[in-house]
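Along the sequence shown, the residues carry numbers beginning at 1.
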Amino acid sequence: MKIAIIGYGRMGHAVEQEALKRGHEIVCVIDLGGEDLFESDGFRSADVAIEFSVPAAGQSNVSRAMEAGVPVVCGTTGWLDGEALSAMRDACAAGGSLLHSSNFSPGVNITMAASRLLARLLGARAEYSVGMEETHHIHKLDHPSGTAIAIADQICAEAPRYDRWMDTTGVDAPVPHDAIPIECRREGEVPGIHTVTWQGPSDIITLRHEALNRDGFALGAVLAAEWLAKAPRGHVYSMADVLGIHS
């Protein structure tokens with residue numbers, strides 16, 4: 001399979017290594033300042049592009065890839081909501097194809113499925129309240145992480161008494177009853193830790209996922225690219241589609 005890489009930072013390098021291990025060919029690498037390569041024959045020859053850049057560039061990169069007729073696996077968080085999501089759906093309806101995820105780790109996505117089940121079971125029990133914490137390396141620009149936001153949004157969908165999340169990092173004020181508190185930490189080179197805690201009067205239920213390195217994220221992105229290259233065009237997909245864990 002021919003793969004184009006958009007964004008050649010840490011994740012871009014990790015994706016390249018995983019793709020080569022699995023026998024794929026890297027036909028184009030586009031980094032900041034090299035956007036003219038979207039028009040290159042190399043990029044247009046790709047079966048799929050894998051994009052890990054920054055929020056400000058996410059929509060433009062994905063749009064230009066789809067204009068070139070290349071399906072896109074996108075891991076850039078902090079941009080795909082509201083008008084941007086509507087625009088991507090329109091682009092896919094016109095023949096494009098996008099698979100977006102806040103986290104490509106298979107383990108994280110399975111953890112999300114478990115979190116949805118917990119929210120479904122405990123959301124109706126008023127004696128339990130939920131809280132979240134996420135920890136990442138000091139280079140991560142956005143907070144809460146895209147993964148934390150995705151988990152919180154899914155909890156809100158399963159437990160109607162929660163209808164929003166709140167970044168409580170450095171905040172001393174009380175958290176409203178309808179908000180899910182998310183505490184964010186930035187420490188060293190931590191790849192990523194996400195913890196969901198449901199606390200009741202007599203017990204605490206904790207769901208935790210800790211990434212030991214970036215390999216799982218990169219491998220998941222390549223697995224997603226392999227899946228997307230064969231999937232019908234015209235849709236916005238997620239890792240739940242790749243793993244078959246819709247619930």
Filter on ring-ring contact (aromatic ring centres under 6.0 Å, His included), then keep only pairs touching [range], sequence neighbours left out; what's left?
{"range": "residues 41-70", "answer": "F38-F43, F52-F104"}
{"range": "residues 8-33", "answer": "Y8-H13"}
{"range": "residues 136-173", "answer": "H136-H194, H137-H139"}

For the atom pair [atom1] ([X]) and [atom2] ([Y]), what is the distance rounded to the nearest 0.5 Å?
{"X": "L207", "Y": "T197", "atom1": "CG", "atom2": "OG1", "value": "9.0 Å"}
{"X": "M1", "Y": "E25", "atom1": "CE", "atom2": "CD", "value": "11.0 Å"}
{"X": "D167", "Y": "I149", "atom1": "CG", "atom2": "CD1", "value": "8.5 Å"}
{"X": "H235", "Y": "L228", "atom1": "NE2", "atom2": "CG", "value": "11.0 Å"}
{"X": "S129", "Y": "L122", "atom1": "OG", "atom2": "CG", "value": "10.5 Å"}
{"X": "I110", "Y": "M112", "atom1": "CD1", "atom2": "CE", "value": "11.5 Å"}

Worked verdict on I5 versus I30 for side-chain contact (heavy atoms from CB on, under 4.5 Å): CA-CA 6 Å; I5 294 175; I30 300 177; over 6 Å; no
ring-ring contact (aromatic ring centres under 6.0 Å, His included) partners for W198, two or more places apart: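 Applying ring-ring contact (aromatic ring centres under 6.0 Å, His included) to W198 gives none.
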Please list, chain by chain and in numerical order, all residues satisfying ring-ring contact (aromatic ring centres under 6.0 Å, His included) with H177, sequence neighbours excluded.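 H177 satisfies ring-ring contact (aromatic ring centres under 6.0 Å, His included) with no residue once adjacent residues are dropped.
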Strictly by salt bridge (Lys or Arg N to Asp or Glu O under 4.0 Å), give each pair with a member in residues 121-140 just once, sequence neighbours left out.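 Checked against salt bridge (Lys or Arg N to Asp or Glu O under 4.0 Å) - neighbours excluded - the pairs reaching residues 121-140 are R125-E127, E133-R185, E134-R186, K140-D142.
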Residue pairs, two or more places apart or on separate chains, that pass salt bridge (Lys or Arg N to Asp or Glu O under 4.0 Å) and touch residues 44-63: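 Sorted pair list: E39-R44.
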Quick check: closest heavy atoms across [X] and [Y], and the distance to 0.1 Å?
{"X": "G96", "Y": "M66", "answer": "CA-SD, 3.7 Å"}
{"X": "G220", "Y": "P106", "answer": "CA-CD, 4.3 Å"}
{"X": "P55", "Y": "T76", "answer": "N-CG2, 3.6 Å"}
{"X": "C28", "Y": "L37", "answer": "SG-CB, 4.0 Å"}
{"X": "G33", "Y": "D36", "answer": "O-OD1, 4.3 Å"}

Does the side chain of T168 come under 3.5 Å of the side chain of E183 through a donor N or O and an acceptor N or O?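 Result is yes, a qualifying pair exists.
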Residues forming a salt bridge (charged side-chain N to carboxylate O under 4.0 Å, His left out) with [X], sequence neighbours excluded:
{"X": "R208", "answer": "E210"}
{"X": "D215", "answer": "none"}
{"X": "E16", "answer": "none"}

Does atom CD of E83 have more than 12 heavy-atom neighbours from other groups under 6.0 Å away?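 Atom CD in E83 is not crowded, with 12 or fewer foreign heavy atoms closer than 6.0 Å.
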Which residue pairs pass the side-chain hydrogen bond (donor to acceptor under 3.5 Å, both in side chains) test when at least one of the two sits in residues 85-114, sequence neighbours left out?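 Checked against side-chain hydrogen bond (donor to acceptor under 3.5 Å, both in side chains) - neighbours excluded - the pairs reaching residues 85-114 are N103-T147.
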Charged N to carboxylate O under 4.0 angstrom, R164 versus D178?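 A salt bridge is present here (some side-chain N lies under 4.0 Å from a carboxylate O).
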E158 and R116 ion-paired at < 4.0 Å: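 Salt bridge: no.
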Check the pair V27, I3 against side-chain contact (heavy atoms from CB on, under 4.5 Å), reporting the backbone distance first and the verdict last. CA-CA 6 Å; V27 294; I3 295 177; over 6 Å; no
In this structure, would [X] and [Y] fall into the same cluster of hydrophobic residues linked by side-chain contacts under 4.5 Å?
{"X": "V196", "Y": "L121", "answer": "no"}
{"X": "L223", "Y": "M239", "answer": "no"}
{"X": "L243", "Y": "I50", "answer": "yes"}
{"X": "V222", "Y": "L20", "answer": "yes"}
{"X": "I26", "Y": "V73", "answer": "yes"}

As a quick check of understanding, evaluate side-chain contact (heavy atoms from CB on, under 4.5 Å) for N61 and S53, giving each step before the final call. CA-CA 9 Å; N61 287 341; S53 62; 3.3 Å; yes
Let me see the working for M132 and I155 under side-chain contact (heavy atoms from CB on, under 4.5 Å), right down to the final yes or no. CA-CA 11 Å; M132 293 177 56; I155 292 172; 4.2 Å; yes
side-chain contact (heavy atoms from CB on, under 4.5 Å) partners for S60, two or more places apart: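 By the side-chain contact (heavy atoms from CB on, under 4.5 Å) rule, S60 matches R64.
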What I'd like to find out is whether the side chain of R233 reaches to under 4.5 Å of the side chain of C92, using heavy atoms alone.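 No, too far: nothing below the 4.5 Å cut-off.
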